[in-house]
Amino acid sequence: MTRHLITSAIPYINGIKHLGNLVGSQLPADLFARYQRARGNEVLFLCATDEHGTPAELAAAKAGKPVDDFCTEMHEVQAEIARGFGLSFDHFGRSSSPQNHALTQHLAGRLADADLIYEVSEKQVYSNADGRFLPDRYIEGTCPNCGYDSARGDQCENCTKQLDPTDLIDPRSAVSGSTDLEVRETKHLYLRQSALSEQLDTWIDSKHDWPILTTSIAKKWLHDGDGLRDRGITRDLDWGIPVKNGDKDWPGMEGKVFYVWFDAPIEYIACAGEWAEANGKTDADWERWWRTDRGADDVRYTQFMGKDNVPFHTLSFPATIIGSGEDWKLVDYIKSFNYLNYDGGQFSTSKGRGVFMDQALSILPADYWRWWLLSHAPESSDSEFTWDNFQTSVNKDLADVLGNFVSRVTKFCRSKFGETVPEGGEYGPTELALIDDLTTKIHAYEGHMEAMEVRKSAQALRAIWVAGNEYLQNAAPWTTFKTDPETAAMTVRLSLNLIRLYAVLSAPFIPTASQSLMDAMHTDHDLWPDDVTGALEVLKSGHEFEVPEVTFRKITDDERDEWQIKFSGTRD
RNA sequence: GGGCCUGUAGCUCAGUUGGUUAGAGCAGAGCGCUCAUAACGCUUUGGUCGUAGGUUCGAGUCCUACCGGGCCUACCA
């Protein structure tokens with residue numbers, strides 16, 4: 001048995017996430033967690049909300065709420081939606097938790113002790129009207145290069161020229177529009193990542209099986225120009241984790257907080273502490289997942305994230321961990337994803353473009369989305385959501401191949417034998433061939449799941465469903481019933497068992513539907529089928545079941561067209 | 001500007017370290033079946049593998065250039 005620590009990139013607090021966010025981290029992480037649990041492995045699957053930073057403060061201000069109240073509410077909203085999608089976190093934490101405050105301050109102290117933190121005095125734009133320092137992106141003005149009047153302080157969107165905020169002509173705050181800006185001197189802490197560059201490089205080099213997407217981004221940062229650059233880890237904000245050295249004040253850093261990207265990954269660890277607290281466990285219970293000196297040696301740690309998160313997970317966070325000199329678990333495998341586009345453009349949280357998680361659940365059950373998103377996961381390149389593709393895939397795979405299989409088997413049985421598993425008959429060559437075929441196909445499915453090849457796993461699962469329809473066609477119980485009802489009974493008995501088998505195998509992808517099938521079959525026997533022959537004899541003759549409601553209804557052309565229009569604009 | 005990813009049948013994608021006639025699903029065509037959500041099964045039509053060169057006995061696979069799509073480029077997160 002392996003112990004799997006699994007984390008999903010933690011979604012930002014400022015709004016409800018769209019399907020692109022979902023498929024890039026939480027959903028594949030859930031697939032993997034559910035699969036590993038089903039295989040009998042011990043799993044700790046953690047996620048949280050990422051609550052600090054300028055956008056959170058601005059979103060709260062826009063909502064007219066204190067930022068901590070806003071975060072508390074949004075956390076609950078996201079938690080509820082996550083439950084709706086069947087995301088099986090062992091704990092859904094918060095980066096603003098007391099555990100994360102303490103651990104972030106502790107690690108900063110350790111890094112300071114190791115001489116990996118130093119102070120830098122720098123100039124930054126301050127907005128008097130907003131009463132805050134502005135990140136470069138939050139300053140707008142006219143581009144000195146092309147004259148575009150809404151260029152951002154870091155880069156002009158129009159001519160793509162990289163800018164410094166002081167380059168802008170007539171700069172203004174993107175928050176309030178105020179032109180009452182001034183440049184102020186401010187001190188910040190920098191993490192001396194450069195000192196750990198070689199260690200990080202060696203570590204990355206040792207990861208031969210990581211996706212190219214993951215390693216190439218890390219390598220670029222390590223070797224571009226002067227190599228890995230040091231990074232500011234503090235900000236002049238009100239909302240965040242106060243800059244402290246352990247539990248001691250940090251002279252000169254009063255009123256400042258840690259940068260959100262410093263504390264957010266630490267929440268992966270702190271979240272385990274939150275999990276322990278929420279479940280009446282001890283520190284030792286969570287440390288055995290995270291401390292290699294306290295039992296985490298045999299843990300395999302896998303992170304899931306979108307490609308934009310890679311530098312922080314391959315470099316900054318490992319630098320924090322390594323630099324602390326403490327025995328924290330380093331990630332073993334990083335699964336990164338490209339982006340999902342929406343109907344010819346990008347999903348966009350800020351622009352409200354695309355389908356958002358709450359909207360998705362309001363029109364169809366989670367399993368429809370889970371299936372489509374996972375079977376089209378943007379693994380090798382960006383992929384695209386279109387309503388047409390969604391309708392076609394879901395109708396064909398879920399309704400026709402799987403759903404209809406369940407329907408034809410259970411209804412045939414009911415009409416000929418009643419809602420009871422029939423007895424009699426013995427396996428012939430057709431059944432033995434099916435078992436061989438299923439054994440091969442299940443091994444293929446397992447192989448892809450272990451490797452986190454999401455699309456291939458979906459294809460392999462679908463092939464297992466198809467095998468049922470092929471078998472039924474060959475065995476043709478509706479024909480044999482006329483002359484040899486015992487054989488027809490055997491075919492139906494096996495097919496009913498196939499439904500249970502499919503429910504078990506499919507649960508990582510479509511947990512809700514799988515549970516309904518288990519319920520309809522009146523069974524809770526959900527052990528993974530290491531032996532197909534045995535797995536097809538779980539439901540014995542005489543076992544009662546019921547014909548389930550339609551497992552997956554089809555999406556009509558009218559619905560497709562309606563949704564296409566409904567979601568063509570922007571939200572709000 | 002720099003780095004990386006990507007371009008394979010109408011669509012969505014597979015194609016191990018270069019090795020015999022380039023694969024799958026969907027869509028299309030034909031046949032079969034009638035238990036079923038007008039579902040299922042079988043057969044089958046589609047590709048000069050972005051373009052042009054090069055290396056090689058042999059390239060979708062390696063090299064170069066070009067064209068197209070995308071991401072990142074360190075103060076959004």
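Just so it is clear: chains get the letters A, B, ... in the order the sequence lines come, proteins before strands, and each one is counted from 1.
- As rounded to the nearest Å, rC66(B) and rU20(B) have P atoms that lie 32 Å from one another.
- Distances from the side chain of Pro135(A) to the nucleotides rC75(B), rC40(B), rA74(B) place rC75(B) closest.
- Glu549(A) CD: 12 or fewer foreign heavy atoms inside a 6.0 Å radius.
- In this structure, a donor-acceptor pair under 3.5 Å is absent between the side chains of His75(A) and Gln78(A).
- Annotated as syn: rG46(B), whose O4'-C1'-N torsion sits within 90° of 0.
- Under the Watson-Crick or G-U wobble criterion, with both distances below 3.5 Å, rU64(B) is paired with rA52(B).
- Residue Arg137(A) places no side-chain N or O under 4.0 Å from the OP1 or OP2 atom of rC75(B).
- Pairing for rG41(B) goes to rC31(B), judged as Watson-Crick or G-U wobble with the two contacts each under 3.5 Å.
- In this structure, the CD atom of Glu379(A) is 8 Å from the P atom of rA14(B), given to the nearest Å.
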For this session: Evaluate the criterion salt bridge (Lys or Arg N to Asp or Glu O under 4.0 Å) for residue pair Arg132(A) and Asp238(A); output intermediate values, then yes/no.
Result: CA-CA 9 Å; Arg132(A) 62 164 66 242; Asp238(A) 298 326; over 6 Å; no

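- Taking the side chain of Lys554(A) as heavy atoms from C-beta on, and the options rA39(B), rC4(B), rU34(B), the nearest nucleotide is rA39(B).
- With hydrogens and angles ignored, no donor-acceptor pair closer than 3.5 Å exists between the side chain of Asn404(A) and the base of rA39(B).
- At the phosphate of rC76(B), neither OP1 nor OP2 sits under 4.0 Å from any side-chain N or O atom of Tyr259(A).
- Counting only heavy atoms from C-beta on, Lys307(A) has its side chain closest to rC71(B) among rC71(B), rC75(B), rA36(B).
- Residue Gly53(A) is in sugar-phosphate contact alone, with no base atom involved, counting any heavy-atom pair closer than 4.0 Å across all strands shown.
- Aromatic stacking of Phe412(A) on rC35(B): not satisfied for centres closer than 5.5 Å together with planes under 30 degrees.
- Nucleotides rG54(B) and rA27(B), compared at atom C1', are 39 Å apart to the nearest Å.
- Proximity note for Arg462(A) (side chain, C-beta onward) versus rA14(B), rC71(B), rG25(B): the nearest is rG25(B).
- Side-chain atoms of Arg229(A) lie closest to rA74(B) of the nucleotides rA74(B), rC40(B), rC71(B).
- When the side-chain nitrogen and oxygen atoms of Tyr339(A) are compared with OP1 and OP2 of rC5(B), none of them lie within a distance under 4.0 Å.
- A donor-acceptor contact closer than 3.5 angstrom is absent between the side chains of Thr386(A) and Asp388(A).
- Within 4.0 Å (heavy atoms only), Val466(A) reaches sugar-phosphate atoms of the nucleic acid but no base atom.
- With hydrogens and angles left out, the side chain of Glu122(A) and the base of rC75(B) share a donor-acceptor pair within 3.5 Å.
- A close approach under 4.0 Å does occur between a side-chain nitrogen or oxygen of Arg231(A) and OP1 or OP2 of rC75(B).
- Side-chain N/O atoms of Ser380(A) include one lying less than 4.0 angstrom from OP1 or OP2 on rA14(B).
- If you check distances only, the side chain of Glu470(A) never reaches the base of rC40(B) with a donor-acceptor pair under 3.5 Å.
- In terms of phosphate contacts, Lys396(A) brings a side-chain nitrogen or oxygen within less than 4.0 Å of OP1 or OP2 of rC40(B).
- The base of rA39(B) does not come close enough to the side chain of Arg408(A) for any donor and acceptor atom to sit less than 3.5 Å apart.
- At least one side-chain nitrogen or oxygen of Lys411(A) sits closer than 4.0 Å to the OP1 or OP2 atom of rU37(B).
- Counting distance only, with no hydrogens placed and no angle test, the side-chain atoms of Trp221(A) and the base atoms of rA74(B) include no donor-acceptor pair under 3.5 Å.
- Under the 6.0 Å cut-off for aromatic ring centres, Trp372(A) and Trp387(A) do not qualify, their centroids lying 6.0 Å or more apart.
- Between the side chains of Thr186(A) and Lys256(A), at least one donor N or O lies within less than 3.5 Å of an accepting N or O.
- Judged by Watson-Crick or G-U wobble contacts below 3.5 Å, the nucleotide rG18(B) has no partner.
- rG25(B) sits 22 Å from rU21(B) when the C1' atoms are compared, rounded to a whole Å.
- Distances from the side chain of Ala399(A) to the nucleotides rU37(B), rC75(B), rC76(B) place rU37(B) closest.
- Geometrically, Lys335(A) engages Phe337(A) in a cation-pi contact, judged by NZ or CZ lying under 6.0 Å from the ring centre and within 45° of the ring axis.
- A 3.5 Å limit on both hydrogen-bonding distances identifies rU73(B) as the Watson-Crick or G-U partner of rG1(B).
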